[in-house]
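The block underneath contains the structure these notes are about, expressed in structure tokens.
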Amino acid sequence: MAMAMMIRNATSKRAMTPISGDFGGLRSMSSWWKSVEPAPKDPILGVTEAFLADPSPEKVNVGVGAYRDDNGKPVVLDCVREAEQRLAGSTFMEYLPMGGSAKMVDLTLKLAYGDNSEFIKDKRIAAVQTLSGTGACRLFADFQKRFCPGSQIYIPVPTWSNHHNIWRDAQVPQKTYHYYHPETKGLDFSALMDDVKNAPEGSFFLLHACAHNPTGVDPTEEQWREISQLFKAKSHFAFFDMAYQGFASGDPARDAKSIRIFLEDGHHIGISQSYAKNMGLYGQRVGCLSVLCEDAKQAVAVKSQLQQLARPMYSNPPLHGAQLVSTILEDPELKSLWLKEVKVMADRIIGMRTTLRESLEKLGSPLPWEHVTKQIGMFCYSGLTPEQVDRLTSEYHIYMTRNGRISMAGVTTGNVGYLANAIHEVTKSS
């Protein structure tokens, strides 16, 4: 009894004793996180939060980076629904290996490198399943930091905002290269080539394979060939982020043309792939990271190191999304259905581009809007200023990021006229 009392008293004293931390001096347990300030809101996700809080019946959200049908509703593809039915109750829920589903990875590589790729046959590609495209980029950034510790990454201006976060948190120094020309609202090709030429030999470059986010501006095939040749002359490493394969033009092979050009020219490249947009598997977080190596032996070594990096991060990737992708891509009928459905999505967005441009021109806008239809993919870099975007939000309840990026997936036949009129009103005095 006495011993129990002594233990309770000792425990009570320890609970009341201030704890010495690494921040200097003594502090109580309740003040460990006193210095933590709220993080700034994500510029993209914050748009959706503001939209949801707006009670206006006229509100329009063209900020979200996810596909919507012509009624503004999320879509589950028919090929995905069929795959879900086939999988329901038919498989176990065991862990995947650290590298993920080998079947899904193999099928995914064929989409990027080609069905008859010699690199796949020769086992020269180190590849692992990842947590969508974000996870693939982060895994590569950590791989770059570990095995090329003195390197840096060249990122286009502008780019998807999370690219900067990813390489920053991997502690890889960043530099930028010219990409978008604000006046032409197209590609600043000469400045891009100058930056590639002036970068130190053997530099890492982040390239958007297709449907550049946020601008929708892609190099032409001939420009890609010139970029590839200059990369070869400078011995640069190209890391492609391919988040929109099939979603840009409606043709996955066409959207992988930039990658195929680099492969033809003998580059060893890295690729991030995602099924968020082109299969609508946003919440399933299904992706793939691949690195083309010198030979099969090197590929085994690189894959083992990618798996080692993944182990303390998330151990192994999720199962269900990988099963959906495998079920669709390995079945000829389901794959054919997917190719039809991804073209429907791409064509709807292309059609909305045409309608938005025509609507603005019919309103007598003094500004040129050719860039709306020249750009490709989910996003249109409108040229709207932050102040004009603020007016669209405050006066018309239209929500988009302040850089003027319009998600064309949020444009429908029901709201395109309202959107065009609002844009006309805030730009007609420009």
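The backbone N or O of Lys297 lies less than 3.5 Å from a partner atom in the side chain of Asp295, making a donor-acceptor pair. No donor-acceptor pair closer than 3.5 Å links the side chain of Asp188 to the backbone N or O of Tyr179. Listed for the Asn415 side chain is a donor-acceptor partner under 3.5 Å among the backbone atoms of Gly410. Side chain of Ser407 to backbone of Val64: a donor-acceptor contact under 3.5 angstrom is found.
Between Trp167 and Lys145 the shortest side-chain heavy-atom distance does not fall below 4.5 Å. Between Ile423 and Tyr396 the shortest side-chain heavy-atom distance does not fall below 4.5 Å. A 4.5 Å side-chain heavy-atom check between Val62 and Val411 finds at least one atom pair inside the cut-off. Ile271 places none of its side-chain heavy atoms less than 4.5 Å from the side chain of Leu289. Side-chain contact between Tyr67 and Lys277 is absent, with no heavy-atom pair separated by less than 4.5 Å. When side chains are defined from C-beta on, Ser203 counts as touching His236, because their heavy atoms get closer than 4.5 Å. Looking at heavy atoms from C-beta onward, Asn421 lies in side-chain contact with Glu425 at the 4.5 angstrom threshold. Pro156 places none of its side-chain heavy atoms less than 4.5 Å from the side chain of Thr176.
A donor-acceptor pair shorter than 3.5 Å cannot be found between the side chains of Tyr113 and Arg260. A donor-acceptor pair shorter than 3.5 Å can be found between the side chains of Ser151 and Gln144. Of the N and O atoms on the side chains of Asp70 and Thr412, not one donor lies less than 3.5 Å from an acceptor on the other residue. A donor atom on one side chain and an acceptor atom on the other are found under 3.5 Å apart for Ser132 and Ser274.
Evaluated for a ring-ring contact (aromatic ring centres under 6.0 Å, His included) with Phe205, the options Phe237, Tyr177, Phe239 yield exactly one hit, Tyr177. Checking Asp241, Asn213, Thr159 one by one against His208, the side chain to side chain donor-acceptor pair (under 3.5 Å) holds for a single residue, Thr159.
Sequence neighbours left out, the pairs with a member in residues 354-364 that pass salt bridge (Lys or Arg N to Asp or Glu O under 4.0 Å) are Arg357-Glu361. Counting only residues at least two apart or on different chains, the side-chain hydrogen bond (donor to acceptor under 3.5 Å, both in side chains) pairs with a member in residues 88-97 are Thr91-Gln323. Within the structure, every pair that satisfies the ring pair (Phe, Tyr, Trp, His ring centres under 6.0 Å) test and touches residues 341-374, not counting sequence neighbours, is listed here: Trp369-His371. Residue pairs that meet the side-chain hydrogen bond (donor to acceptor under 3.5 Å, both in side chains) test with at least one member in residues 303-313, sequence neighbours left out, are Arg311-Ser315. Evaluation of the salt bridge (Lys or Arg N to Asp or Glu O under 4.0 Å) test over residues 194-218, restricted to residues two or more places apart or in two chains, returns none. The list of ring pair (Phe, Tyr, Trp, His ring centres under 6.0 Å) pairs with a residue in residues 282-329, not counting sequence neighbours, is empty.
Heavy atoms only, all atoms of each residue included: Asn165 and Arg168 are closest at OD1-NH1, 3.2 Å. Annotation for Val372 and Arg353: closest pair O-NH1, 2.7 Å, computed over non-hydrogen atoms. Across Pro318 and Leu96, no two heavy atoms sit closer than the pair O-CD1, 3.4 Å.
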Between Phe51 and Lys59, is a side-chain contact (heavy atoms from CB on, under 4.5 Å) present by the stated rule, with each step listed? CA-CA 7 Å; Phe51 170 79; Lys59 64 182 180 179; 3.3 Å; yes
List the steps, then state whether salt bridge (Lys or Arg N to Asp or Glu O under 4.0 Å) holds for Arg146 with Asp142. CA-CA 6 Å; Arg146 179 169 293 184; Asp142 281 335; over 6 Å; no
Intermediate values then yes/no, side-chain contact (heavy atoms from CB on, under 4.5 Å), Glu341 and Leu337: CA-CA 6 Å; Glu341 291 186 287; Leu337 177 58; 3.6 Å; yes
Salt bridge (Lys or Arg N to Asp or Glu O under 4.0 Å) assessment of Arg348 paired with Asp69: CA-CA 8 Å; Arg348 192 188 88 73; Asp69 65 15; over 6 Å; no
Kindly determine whether Glu294 and Arg124 satisfy salt bridge (Lys or Arg N to Asp or Glu O under 4.0 Å), including the steps that lead there. CA-CA 7 Å; Glu294 292 277 356; Arg124 287 179 53 191; 5.5 Å; no
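Electrostatic pairing of Asp347 and Lys343 counts as a salt bridge here, judged by a charged N lying under 4.0 Å from a carboxylate O. Comment: Glu370 does not engage Lys374 in a salt bridge, judged by the lack of any side-chain N to carboxylate O separation of less than 4.0 angstrom.
Taking Lys175 as the reference, Gln152, Tyr154 meet the side-chain contact (heavy atoms from CB on, under 4.5 Å) condition, with sequence neighbours excluded. Annotation: ring-ring contact (aromatic ring centres under 6.0 Å, His included) contacts of Trp160 (sequence neighbours excluded): His163. Residues satisfying the ring-ring contact (aromatic ring centres under 6.0 Å, His included) test with Phe92, not counting sequence neighbours, are none.
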Table please: side-chain donor-acceptor pairs of residues 97-110 below 3.5 Å, with sequence neighbours left out.
{"from": "Ser101", "atom 1": "OG", "to": "Met104", "atom 2": "N", "distance (Å)": "3.1"}
{"from": "Thr108", "atom 1": "OG1", "to": "Met104", "atom 2": "O", "distance (Å)": "2.7"}
{"from": "Thr108", "atom 1": "OG1", "to": "Tyr275", "atom 2": "OH", "distance (Å)": "2.7"}

Between side-chain atoms of residues 376-387 and protein atoms elsewhere (two or more places apart, or another chain), which donor-acceptor pairs fall under 3.5 Å?
{"from": "Ser382", "atom 1": "OG", "to": "Leu384", "atom 2": "N", "distance (Å)": "3.1"}
{"from": "Ser382", "atom 1": "OG", "to": "Gly404", "atom 2": "O", "distance (Å)": "2.6"}
{"from": "Thr385", "atom 1": "OG1", "to": "Gln388", "atom 2": "N", "distance (Å)": "3.1"}
{"from": "Thr385", "atom 1": "OG1", "to": "Gln388", "atom 2": "OE1", "distance (Å)": "3.4"}

Under 3.5 Å, side-chain donor or acceptor atoms of residues 242-250 against the rest of the protein: list the pairs with distances, not counting sequence neighbours.
{"from": "Gln245", "atom 1": "NE2", "to": "Leu111", "atom 2": "O", "distance (Å)": "2.7"}
{"from": "Gln245", "atom 1": "NE2", "to": "Pro252", "atom 2": "O", "distance (Å)": "3.1"}
{"from": "Ser249", "atom 1": "OG", "to": "Asp251", "atom 2": "N", "distance (Å)": "3.1"}
{"from": "Ser249", "atom 1": "OG", "to": "Asp251", "atom 2": "O", "distance (Å)": "3.4"}
{"from": "Ser249", "atom 1": "OG", "to": "Asp255", "atom 2": "OD1", "distance (Å)": "2.7"}

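For the pair Lys185 and Tyr180, the NZ or CZ position fails the cation-pi test of under 6.0 Å to the six-membered ring centre and within 45 degrees of the ring normal.
Residue Glu183 places its CD atom among 12 or fewer non-hydrogen atoms of other residues, nucleotides or ligands, all under 6.0 Å distant. Sparse packing is recorded around CZ of Arg254, with 12 or fewer heavy atoms of other residues, nucleotides or ligands lying under 6.0 Å away.
In this structure, the separation between NE2 on His164 and CG on Asn162 is 10.0 Å, given to the nearest 0.5 Å.
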